[in-house]
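Here's the structure, in structure tokens; my notes come after.
Heads up: numbering here begins at 1 and tracks the sequence.
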Amino acid sequence: MRIAVTGGAGFIGSHIVDALLETGADVAIVDHLTRSPRPWVTAALSRGAQLHVADVRNLAALQTAFAAARPEAVLHLAAQVDVRRSVADPSLDAQVNVAGTVSVLEAALAAGAERLVLASTAATYGDPDQLPTPEDAPAHPLSPYGTSKAAAEWYLAQYARLNGLSTLALRMANVYGPRQDPHGEAGVIAIFCGAASEGRPVTVFGDGAQTRDYVYVGDVARAWVAAATSDVCGELNVSTGTETPLVALVAELGLDHQLAPGRPGEIARSCLDPSAAHTALGWRAEIPLSEGLRRTLAAMAVAS
């Protein structure tokens, strides 16, 4: 199967590329490569993956890349993923996550793709009333990032209705694991594991009681492979269904910490119900948090 992965040089996307290559798929990485290619990109190319440099905001560049790759399915992970940046610059966030998604949809149709899977997020739910949160919970995003991802989901539904494209949004919980940069746009586990590996204290914003559903990137990659080859449409959560307070994560890593005021757009509690993904895709998360943290720390030690 020919599959194009936008954002395939990034943290989650690169793990998906590796998992797809293991299945024998013909994989094209489509990425803007604003940073030098990481070692995992070079490794993927040595295993037969293609690389096309394109920004999702540039429709012409995407059309050129997709015309060369001729994907049967497109896995769309290229995104602006930093909640703080979305609050500071919502226009940029919308350009990448909304307009960029529309460009990917257009390029996918022009190339004859039949399937498109979107990387969505728990942030679309905001602070939900029900935990773990099922897919039919209403969307109440608290940040421009969550809003842009919810809008992208609406565009998928429109393209499915108007053009017959098979579309699925995977609403991912807090993904962590090797290759996640402990700086910049990183998730909290990458930041905390980076601090743990260097023996530094960390800052906890808010009271530390906020919760997240942490899901290991290797498990997430398996969900994406299953989604790429399925005909399931709509939305599915990709999560563990386990709610972990931030202070528990600090304790698990043995970190010294200090408290700071909470940040705008942050969700108090987040935990997604993964049962629909198990029913629809035969998928469930397998790596417990303690093992995932061990693997993440080990990968950081090797990288340093």
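Residues R212 and V188 have side chains not in contact (no heavy-atom distance under 4.5 Å, counting atoms from C-beta outward). Contact of the R115 side chain with the T229 side chain is not registered, since no non-hydrogen atoms from C-beta on lie closer than 4.5 Å. Looking at V175 and V238, their side chains never come closer than 4.5 Å, going by heavy atoms from C-beta outward. For the pair L168/C233, no side-chain contact is recorded, criterion being any heavy-atom separation below 4.5 Å from C-beta on. Looking only at side-chain heavy atoms (C-beta outward), N58 and S103 stay at 4.5 Å or farther from each other. By the 4.5 Å heavy-atom criterion applied to side chains, V27 and I16 are not counted as neighbours. Between H15 and V220, the closest side-chain pair of non-hydrogen atoms is not below 4.5 Å.
The cluster map of Ile, Leu, Val, Met, Phe, Trp and Tyr, joined by side-chain heavy atoms under 4.5 Å apart, puts V204 and L289 in the same cluster. Taken together through direct or relayed side-chain contacts under 4.5 Å among Ile, Leu, Val, Met, Phe, Trp and Tyr, L156 and L77 form parts of separate hydrophobic clusters. The same ILVMFWY cluster, assembled from side-chain heavy atoms under 4.5 Å apart, contains both V56 and L165. Cluster annotation: V83 is not connected to Y125 through the hydrophobic network of ILVMFWY side chains, with a link wherever side-chain heavy atoms come within less than 4.5 Å. V217 and L118 sit in two unconnected hydrophobic clusters of ILVMFWY residues. Membership requires side-chain heavy atoms under 4.5 Å apart, directly or through other members.
Taking CD1 from I189 and CD from E252, the interatomic distance works out to 9.5 Å, rounded to the nearest 0.5 Å. A distance of 12.0 Å separates CG of D31 from NE2 of H52, quoted to the nearest 0.5 Å. Atom-to-atom distance recorded for S120:OG and L236:CG is 11.0 Å, nearest 0.5 angstrom. With values rounded to the nearest 0.5 angstrom, S290 atom OG is found 10.5 Å from R295 atom CZ. To the nearest 0.5 angstrom, T121 atom OG1 is 11.5 Å from L170 atom CG. Put simply, OG1 on T6 and CZ on F66 are 6.5 Å apart, with the number rounded to the nearest 0.5 Å.
Proximity of a side-chain donor or acceptor of W283 to a complementary backbone N or O of D219 within less than 3.5 Å is detected. The backbone N or O of I267 lies less than 3.5 Å from no partner atom in the side chain of D127, so there is not a single donor-acceptor pair. Side-chain N or O atoms of R57 include none that pairs as donor or acceptor with a backbone N or O of Q95 at under 3.5 Å. A donor-acceptor pair under 3.5 Å links the side-chain atoms of Q210 to the main chain of G208, judged by distance alone. Side-chain N or O atoms of R2 include one that pairs as donor or acceptor with a backbone N or O of R70 at under 3.5 Å. Using modelled atom types, one side-chain atom of N237 and one backbone atom of T133 make a donor-acceptor pair closer than 3.5 Å. Put simply, the side chain of R222 gets close to the backbone of R284: a donor and an acceptor are under 3.5 Å apart. A donor-acceptor pair under 3.5 Å is absent between the side-chain atoms of Q63 and the main chain of A107, judged by distance alone.
Minimum heavy-atom separation, S143 to S86: CB-OG, 4.2 Å. Pairing each heavy atom of S239 with each of A285, the nearest pair is O-CB, 3.9 Å. When all heavy atoms of F192 and L246 are compared, the closest pair comes out as CE2-CD1, 3.8 Å. Between N97 and S148, the shortest heavy-atom contact is ND2-OG, 3.1 Å. Closest approach of A195 to V202, counting heavy atoms only: CB-CG1, 3.4 Å. Looking at every heavy atom in both residues, A228 comes nearest to L75 through CB-CD2, 3.8 Å.
Inspection of the R38 and S14 side chains reveals no N or O donor paired with an N or O acceptor under 3.5 Å.
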Go through the steps for D93 and Q80 under the test side chain to side chain donor-acceptor pair (under 3.5 Å), then give the verdict. CA-CA 6 Å; D93 184 81; Q80 192 301 113; 2.6 Å; yes
- request: Would you sort out whether D82 and Y145 count as a side chain to side chain contact (heavy atoms under 4.5 Å, CB included), showing the intermediate values?
  value: CA-CA 7 Å; D82 191 328; Y145 168 67; over 6 Å; no
Walk me through it: do L33 and L51 pass the test side chain to side chain contact (heavy atoms under 4.5 Å, CB included)? CA-CA 10 Å; L33 288 185; L51 175 62; 3.7 Å; yes
Item checked: Residue pair R47, D18: steps toward the side chain to side chain contact (heavy atoms under 4.5 Å, CB included) verdict -> CA-CA 9 Å; R47 297 170 62 193; D18 288 349; 3.7 Å; yes
- Let me see the working for L272 and M172 under side chain to side chain contact (heavy atoms under 4.5 Å, CB included), right down to the final yes or no. CA-CA 9 Å; L272 305 186; M172 294 181 287; over 6 Å; no
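Within the structure, every pair that satisfies the ring-ring contact (aromatic ring centres under 6.0 Å, His included) test and touches residues 195-227, not counting sequence neighbours, is listed here: Y176-Y216.
Under a 4.0 Å N-O distance rule, the pair E243/R269 qualifies as a salt bridge. Salt-bridge annotation for K149 and E153: absent, with no side-chain N of the basic residue lying under 4.0 Å from a carboxylate O of the acidic one.
Listed by chain and number, the residues in a side chain to side chain contact (heavy atoms under 4.5 Å, CB included) with A99 amount to none (sequence neighbours excluded). Taking the side chain to side chain contact (heavy atoms under 4.5 Å, CB included) definition, one finds that V225 meets it with A19, L20, T23, sequence neighbours left out.
Under a cut-off of 6.0 angstrom, the local environment of CD in E114 is sparse, with at most 12 non-hydrogen atoms contributed by other residues, nucleotides or ligands.
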